[in-house]
2 protein chains.
Amino acid sequence: MLSNSSKYALKAVLYLTLHSDEKNKMMVKDISEKINVPKAYIAKLLQQLAKRKIISSAKGPKGGFYIDKANRNQPIIAIIEVIDGKRRIESCMLGLEDCNLHRPCPLHSLISPSRTKMIQLLESKTINDLAKDLELNKSFLPD
Amino acid sequence: MLSNSSKYALKAVLYLTLHSDEKNKMMVKDISEKINVPKAYIAKLLQQLAKRKIISSAKGPKGGFYIDKANRNQPIIAIIEVIDGKRRIESCMLGLEDCNLHRPCPLHSLISPSRTKMIQLLESKTINDLAKDLELNKSFLPD
DNA sequence: GAAAAAACATGATATTAATCATATTTAAGA
DNA sequence: TCTTAAATATGATTAATATCATGTTTTTTC
Ligand code: FES
Ligand code: FES
């Protein structure tokens with residue numbers, strides 16, 4: 001469903017949402033340690049996210065990554081789309097080019113409704129929504 | 001979600017369900033051509049499925065793979081479990097060891113219900129159920 | 001009981017995804 | 001304006017999947 005990279009990216013973004021803002025930027029090194037993902041690996045992912053404005057960044061001393069107001073209100077799926085691409089999550093279960101309603105594969109009627117639901121939730125829930133759950137101890141960031 | 005291998009396996013099993021029985025076995029070569037999957041690749045998958053009794057097989061001249069009555073009534077998920085393993089489909093979205101209800105990851109509440117639903121359907125629908133849909137032109141096997 | 005036709009077992013190669021490394025650019029602060 | 005601290009860009013390596021190849025065993029048929 002999600003690539004490893006997307007999982008890491010999501011962890012990093014949520015961590016940043018809880019622990020950074022315009023005034024408090026975080027360095028790759030610290031993020032990496034806290035979320036337990038190799039530094040060079042998460043660096044690459046964070047750079048991709050920054051380039052696509054999912055998160056914010058500043059170069060130079062006192063620089064780092066952070067999440068600003070606008071970043072916070074983006075849907076979860078934005079992260080996944082940048083890292084995995086839209087296709088991965090929406091593609092046909094049996095490997096058809098597109099999941100085509102006019103010529104559905106044998107699994108389509110079985111799983112399509114559930115998947116559509118999932119995607120809708122990923123589209124409607126924001127980064128901030130998930131961060132709130134974490135703050136309220138309704139959920140937990142895995143090591 | 002599903003590996004390529006699982007997708008191929010499922011295609012092959014459904015094709016066999018429609019075109020084989022105890023009296024009419026099919027050789028790898030023919031299956032491979034019909035479902036458009038490389039011969040050596042699908043052969044390996046079919047052998048795994050046969051060893052785990054998901055499908056049937058017979059060696060020697062006039063041998064081949066086929067689906068018998070018992071095979072037909074197995075749940076779809078049996079195929080996926082043999083090829084991908086149970087873990088792949090049930091694992092936590094954020095990469096936790098198990099999807100743990102006592103310490104759910106941030107995505108859990110969002111996607112777990114949909115995923116559970118999907119799994120239940122894969123458990124309850126049989127190979128035969130999907131084959132029926134194909135016969136009635138309610139669904140189609142991808143090339 | 002020998003020859004051939006099939007699955008079976010095992011291993012090799014190729015492709016993709018995950019991980020690591022390093023040189024370049026930018027901006028802060030002395 | 002020089003030094004340094006950070007992200008950025010790019011590419012190299014490693015590991016996991018997907019794909020291909022080939023020798024071995026079983027069973028039919030003559
Ligand atoms: S056509 Fe395959 S999942 Fe929709
Ligand atoms: S704990 Fe992550 S999906 Fe359930």
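Lettering follows sequence order; numbering is per chain, from 1.
Atom CG in A:Asp30 sits about 13 Å away from atom C1' in D:dA5, given to the nearest Å. A straight line from CE of A:Met27 to P of D:dT8 spans 14 Å, rounded to a whole angstrom. The distance between atom NZ of A:Lys7 and atom C1' of C:dA18, rounded to the nearest whole Å, is 13 Å. The distance between atom CG of B:Leu2 and atom P of D:dT17, rounded to the nearest whole Å, is 14 Å. With rounding to whole Å, A:Lys29 atom NZ is found 10 Å from D:dA6 atom P.
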Exercise for review: Could you walk me through whether B:Ser32 and B:Tyr41 pass side-chain hydrogen bond (donor to acceptor under 3.5 Å, both in side chains), step by step?
Suggested key: CA-CA 9 Å; B:Ser32 143; B:Tyr41 189 10; over 6 Å; no
Point to revise | Intermediate values then yes/no, side-chain contact (heavy atoms from CB on, under 4.5 Å), A:Ile127 and A:Ile79 | key: CA-CA 9 Å; A:Ile127 290 167; A:Ile79 299 167; 4.0 Å; yes
Before giving the answer on side-chain contact (heavy atoms from CB on, under 4.5 Å), spell out for B:Leu18 and B:Ile67 the whole-Å C-alpha distance, their side-chain angles and the decisive distance to 0.1 Å. CA-CA 9 Å; B:Leu18 291 178; B:Ile67 304 273; over 6 Å; no
Could you give me the CA-CA distance, side-chain angles and deciding distance for B:Glu33 and B:Asp30, then say whether side-chain contact (heavy atoms from CB on, under 4.5 Å) is met? CA-CA 5 Å; B:Glu33 281 170 4; B:Asp30 296 323; 4.3 Å; yes
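In this structure, B:Arg52 contributes its side chain and B:Ile83 its backbone to no donor-acceptor pair below 3.5 Å. Checking side-chain atoms of A:Lys117 against main-chain N and O of B:Ser114 turns up no donor-acceptor pair under 3.5 Å.
Sorted by residue number, the members of residues 31-49 of chain B with any non-hydrogen atom under 4.0 Å from DNA chain D read B:Pro38, B:Ala40, B:Tyr41, B:Lys44. Of the residues in residues 9-17 of chain B, none lies under 4.0 Å from DNA chain C by heavy-atom distance. Residues from residues 50-67 of chain A that place a heavy atom under 4.0 Å from any atom of DNA chain C, listed by number: A:Lys59, A:Gly60, A:Pro61, A:Lys62.
Put simply, A:Ser3 has no side-chain N or O that comes within less than 4.0 Å of OP1 or OP2 on C:dA17.
Between B:Ala78 and B:Ile54, the closest heavy-atom pair is CB-CD1, 3.8 Å.
Between the side chains of B:Ser3 and B:Asp84, at least one donor N or O sits under 3.5 Å from an acceptor N or O. Side-chain N/O atoms of B:Asp133 and B:Ser139 include no donor and acceptor closer than 3.5 Å.
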